[in-house]
2 protein chains.
Amino acid sequence: MFSKTCEYAIRGVIFIAQKTADGSRIGIKEVAAGIDSPEHFIAKILQELSRKGIIQSQKGPTGGFYLDAQSRKHTLADIVHVIDGDQIFTGCGLGLKQCSETKPCPLHNEFKKIRDAISKLLRSTHLGEFSEQLEHKLVFLKR
Amino acid sequence: MFSKTCEYAIRGVIFIAQKTADGSRIGIKEVAAGIDSPEHFIAKILQELSRKGIIQSQKGPTGGFYLDAQSRKHTLADIVHVIDGDQIFTGCGLGLKQCSETKPCPLHNEFKKIRDAISKLLRSTHLGEFSEQLEHKLVFLKR
DNA sequence: ACAATAAAAGACAAATTTATCTTCTATTGG
DNA sequence: CCAATAGAAGATAAATTTGTCTTTTATTGT
């Protein structure tokens with residue numbers, strides 16, 4: 001469904017949201033350990049999300065990653081869009097570029113329903129929700 | 001959603017179903033041209049599906065690929081299962097191996113609905129349906 | 001039996017994704 | 001201002017997926 005990179009991205013951001021609900025920052029090593037991912041790999045991913053304004057980062061001592069008020073309004077769809085592009089939102093299930101409403105592949109309408117369900121889910125899940133969850137179930141972000 | 005290999009597989013089998021609805025056989029070159037895929041690549045995919053009994057093949061002159069009565073009862077789910085495994089049917093959307101009903105990831109229940117919709121679609125689409133379609137819209141299997 | 005045909009199989013190569021390692025830059029506290 | 005800290009960035013490498021090429025095997029019609 002998502003690339004591995006995107007899976008790490010979502011897990012990482014959820015972890016950050018949960019761990020920095022009080023406005024504090026969290027270091028990359030802690031994130032990597034928290035979601036059981038390669039440190040430098042998740043670092044690059046978070047840098048990308050930071051550049052795009054989906055999350056915030058701060059260099060130097062006491063630095064780390066966190067979410068500001070604006071970021072908490074972002075959705076999972078924003079993350080997926082930055083990392084995997086819009087393939088999952090608009091792409092044909094059979095990988096056909098020319099597939100469209102007017103020239104549909106044999107499964108176009110069926111796939112459309114599923115794509116729409118995925119889009120709706122991702123667009124309606126805001127990052128702030130994860131900060132607000134009382135029971136974080138952190139262990140379940142590890143593989 | 002699917003690997004490229006799996007996309008080719010589905011497109012290839014639909015094409016074969018449409019082209020051999022009369023019980024005839026179709027050569028690998030024609031299939032490759034028909035779905036705009038690398039010849040040897042789709043060949044390997046169809047060989048695998050043939051070994052697993054999802055489609056039939058015949059060597060030698062007048063040989064080629066086709067579907068028998070039994071194969072027409074197979075579903076898209078069977079193809080996906082052979083090529084991509086059961087990840088799409090049962091896997092966690094965030095790639096977590098330990099994610100389950102009792103230890104769910106933060107998106108488990110939401111992803112479950114989507115997985116179920118995909119499963120239902122794939123399991124309910126039988127290969128025979130494509131043989132029976134009057135208007136084949138063959139061009140829409142090409143990229 | 002023989003030559004032609006077409007799928008099967010195996011080796012190899014390119015491309016993409018995933019992961020690692022090293023160096024650079026910004027920030028903080030003393 | 002300096003040393004320590006921590007993210008940013010770039011280069012490199014491993015693994016996986018995708019694609020290509022060559023040889024083998026089975027089948028057919030003559």
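Letters A, B, ... are given to chains in the order of the sequence lines, protein chains preceding strands, and every chain is numbered from 1.
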### Query
Between the two end axes of the helix from C:dA1-D:dT30 to C:dG30-D:dC1, each built from 5 base pairs, what angle do you get to the nearest 10°?
10°

### Task
Specify the separation, in whole Å, of atom CD1 of B:Ile16 and atom P of C:dA7.
10 Å

### Query
Atom CG in A:Leu122, atom CD1 in A:Ile88: separation rounded to 0.5 Å?
6.5 Å

### Task
May I have the distance from A:Ile42 (atom CD1) to C:dC21 (atom P), rounded to whole angstrom?
17 Å

### Message
Using side-chain heavy atoms (C-beta onward) and a distance below 4.5 Å, is B:Phe65 in contact with B:Ile28?
### Response
yes

### Task
Go through B:Leu127 and B:Asp78 one step at a time and tell me if the side chain to side chain contact (heavy atoms under 4.5 Å, CB included) criterion holds.
CA-CA 10 Å; B:Leu127 306 188; B:Asp78 297 322; over 6 Å; no

### Query
For D:dT17, does either OP1 or OP2 sit under 4.0 Å from a side-chain N or O belonging to B:Ser3?
no

### Query
Roughly how many Å is it from CD in A:Glu7 to P in C:dA19, rounded to a whole number?
10 Å

#### Entry: Phosphate contact (C:dT18 OP1 or OP2) by A:Tyr8 side-chain N/O below 4.0 Å
no

### Message
Evaluate B:Tyr8 against B:Ile83 for side chain to side chain contact (heavy atoms under 4.5 Å, CB included), listing each step before the verdict.
### Response
CA-CA 10 Å; B:Tyr8 285 140; B:Ile83 305 297; over 6 Å; no

### Query
Do B:Phe130 and B:Arg72 pass the side chain to side chain contact (heavy atoms under 4.5 Å, CB included) test, and can you show the C-alpha distance, the side-chain angles, and the key distance before you say yes or no?
CA-CA 9 Å; B:Phe130 301 107; B:Arg72 286 172 210 275; over 6 Å; no

### Partner of B:Ile10 under side chain to side chain contact (heavy atoms under 4.5 Å, CB included), chosen from B:Val80, B:Ile35, B:Ile45
B:Val80

### Query
Taking atom C1' of D:dA15 as reference, at what distance in whole Å does atom CZ of A:Phe41 sit?
12 Å

### Query
Does a side-chain N-to-carboxylate-O contact under 4.0 Å join A:Lys112 and A:Glu101?
yes

### Task
Whole angstrom is fine here: how far is it from CD1 in B:Ile45 over to C1' in C:dG10?
17 Å

### Query
Between A:Tyr66 and A:Ser24, what is the shortest heavy-atom contact and its length?
CB-O, 3.4 Å

#### Entry: Euclidean distance, atom CD of residue B:Glu30 to atom P of C:dA7 [Å, nearest integer]
10 Å

### Query
Thinking salt bridges, do A:Glu48 and A:Lys44 make one under a 4.0 Å N-O criterion?
no

### Summary
Nucleotide by nucleotide, nucleotides 2-10 of chain D touches protein heavy atoms under 4.0 Å in the pattern (B base, S sugar-phosphate only, - none) --BBBBBBB

### Task
Whole angstrom is fine here: how far is it from CZ in B:Phe2 over to P in D:dT17?
16 Å

### Integer-rounded Å distance: C:dT16 C1' and A:Lys4 NZ
15 Å

